[in-house]
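One-based numbering along the sequence shown. Everything quoted here is computed from the prediction, not taken from an experiment.
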Amino acid sequence: MINQLLKPALTGKGPNFAELTAKECRIGRYDLHYKLPGNVIDIGRARRPKPTQLNLQQGLFSSYETMQRFNRAFVQIEFEWWAYRGLFLQGHFGKLSDMSVTIDVNRSEPQSPLVEGDLDSLETYLKKDLWDYYETEKNKDGKPGANWEARYAFEHPEEMSAQGYIPLGKLVLVTHLPEVYYRQEINGVDWLHYGIRGEGVGRGLNYYWAYPLGAGYYLTFNFHLTSEVGDKELRYQRMYEDAKRIMSMVALRKA
């Protein structure tokens, strides 16, 4: 009971679920409805316009503003960001931690096994795609995968020392890929849920909920969690609970 009372003080003020904003987007044959809480971070810059409709035909999809991040090429539907500000402990700019959400429609690689609504096909695709990006000598960016490079540095300490790297004496992987992919039903639709630690830069946690929209495309909600000071485990737990609360308000319906 005491821990529950102290939890807000220890984890900071984050999203305000008393102030919800309802949003929607038409994606191919699907209507996506979701709600985001208030108390968002405002950095004082004009926000980029967000699409309210996406056509999933290849030529038309390419006409949208397509972004590239790590292993994914995507059109971003939504980005929002919340700070968890401490009452007692303080990190940079008064933050204890922060959480962002991005909603993306991702374009899969050609000849991918994606089947609309089939989570097994999406899991198969993601396992291979993440492995090819992080664990191989040359990924789709033409660079060594972060984990491949970490293993090479561990196995060739003298060579890497000559290049200015400091040997750690142990293998430290940059990115921890999902060990388990979960099936989770949200408002009548089954989603694929998984987590990645240290995606891209070796810090923070990313929790994904993903859905295969059909051959060539899949939808993701990506919650990125970082923590600065204090009990990180408690803070990550709080942010994960907030992420699940946001996901509980997601509705994906075929039009």
Side-chain angles (χ1 to χ4, degrees), residues 66-76 79 97-115 118-161 163-184 191-213 215-227 232-233 236 239-240 243 247:
T66 306
M67 304 169 68
Q68 180 75 42
R69 183 169 174 80
F70 309 135
N71 64 308
R72 299 183 298 117
F74 57 90
V75 171
Q76 189 168 98
F79 171 82
S97 55
D98 58 58
M99 177 180 75
S100 66
V101 61
T102 54
I103 306 174
D104 304 321
V105 176
N106 307 272
R107 182 171 53 204
S108 65
E109 293 296 305
Q111 288 80 50
S112 67
L114 291 184
V115 176
D118 184 350
L119 300 188
D120 289 341
S121 71
L122 180 56
E123 179 179 347
T124 298
Y125 172 77
L126 289 172
K127 284 180 175 177
K128 183 178 186 306
D129 194 51
L130 289 168
W131 180 272
D132 289 346
Y133 189 80
Y134 287 108
E135 303 285 351
T136 56
E137 183 176 1
K138 188 176 182 180
N139 63 26
K140 64 182 68 176
D141 294 337
K143 301 175 182 178
N147 287 348
W148 184 93
E149 197 167 34
R151 288 190 175 91
Y152 188 88
F154 173 71
E155 295 167 358
H156 303 82
E158 294 182 359
E159 176 186 339
M160 300 305 288
S161 294
Q163 297 180 27
Y165 289 86
I166 301 175
L168 298 177
K170 60 180 180 179
L171 176 61
V172 179
L173 296 181
V174 176
T175 305
H176 295 258
L177 301 183
E179 295 183 2
V180 181
Y181 291 80
Y182 301 92
R183 274 69 176 160
Q184 183 176 356
W191 293 74
L192 192 68
H193 177 40
Y194 55 98
I196 301 176
R197 179 158 62 89
E199 187 173 41
V201 295
R203 63 186 296 267
L205 295 173
N206 286 274
Y207 286 108
Y208 285 89
W209 280 264
Y211 184 85
L213 297 167
Y217 302 96
Y218 63 101
L219 173 67
T220 54
F221 279 71
N222 172 19
F223 293 85
H224 180 61
L225 285 52
T226 63
S227 183
K232 287 189 176 183
E233 183 177 348
Y236 280 136
M239 289 186 285
Y240 183 44
M247 286 304 301

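- Looking at residues two or more places apart in sequence or on another chain, you find a side-chain contact (heavy atoms from CB on, under 4.5 Å) between H193 and Y182, Q184, Y207, W209, Y240.
- When every heavy atom of N139 is checked against every heavy atom of Y133, the shortest pair comes out as ND2-O, 3.0 Å.
- The side-chain hydrogen bond (donor to acceptor under 3.5 Å, both in side chains) check on S100 picks up nothing, with sequence neighbours excluded.
- H156 pairs by the side-chain hydrogen bond (donor to acceptor under 3.5 Å, both in side chains) definition with nothing, not counting sequence neighbours.
- For the residue pair T226 / D98, a side-chain donor-acceptor distance below 3.5 Å is found, with atom types taken as modelled.
- Applying the side-chain hydrogen bond (donor to acceptor under 3.5 Å, both in side chains) rule to D129 yields the partners N71, K140; only residues at least two apart in sequence or on another chain are considered.
- Residues forming a salt bridge (charged side-chain N to carboxylate O under 4.0 Å, His left out) with D118 (at least two apart in sequence, or on another chain): none.
- Under the side-chain contact (heavy atoms from CB on, under 4.5 Å) criterion, T102 pairs with Q76, F79, D104, N222, sequence neighbours left out.
- Partners of K138 under the side-chain contact (heavy atoms from CB on, under 4.5 Å) rule, at least two apart in sequence or in another chain, do not exist in this structure.
- With sequence neighbours left out, Y211 forms a ring pair (Phe, Tyr, Trp, His ring centres under 6.0 Å) with Y30, W191.
- Surrounding CD of E155 are more than 12 heavy atoms belonging to other residues, nucleotides or ligands, all under 6.0 Å away.
- The nearest pair of heavy atoms linking G216 to S112 is N-OG, 4.2 Å.
- Not counting sequence neighbours, the partners of D132 by the salt bridge (charged side-chain N to carboxylate O under 4.0 Å, His left out) test are K128.
- Residues satisfying the side-chain hydrogen bond (donor to acceptor under 3.5 Å, both in side chains) test with R69, not counting sequence neighbours, are none.
- Rounding to the nearest 0.5 Å places CZ of R197 at 7.0 Å from CG of L205.
- Under the rule for a salt bridge (charged side-chain N to carboxylate O under 4.0 Å, His left out), the partners of E123 that lie at least two apart in sequence or sit in another chain are K127, R183.
- Remark: Y194 pairs with Y181, Y208 by the ring pair (Phe, Tyr, Trp, His ring centres under 6.0 Å) rule, at least two apart or across chains.
- A donor and an acceptor atom, one from each side chain of Y125 and E109, are nowhere located under 3.5 Å apart.
- Rounding to the nearest 0.5 Å gives a distance of 7.5 Å between CG of N106 and CG of L219.
- Note: H176 NE2 to Y134 OH = 12.0 Å, rounded to the nearest 0.5 Å.
- Minimum heavy-atom separation, Q68 to R72: NE2-O, 3.2 Å.
- Note that R151 lies outside the cation-pi zone of F154, set by a 6.0 Å cut-off to the ring centre and a 45° limit from the axis.
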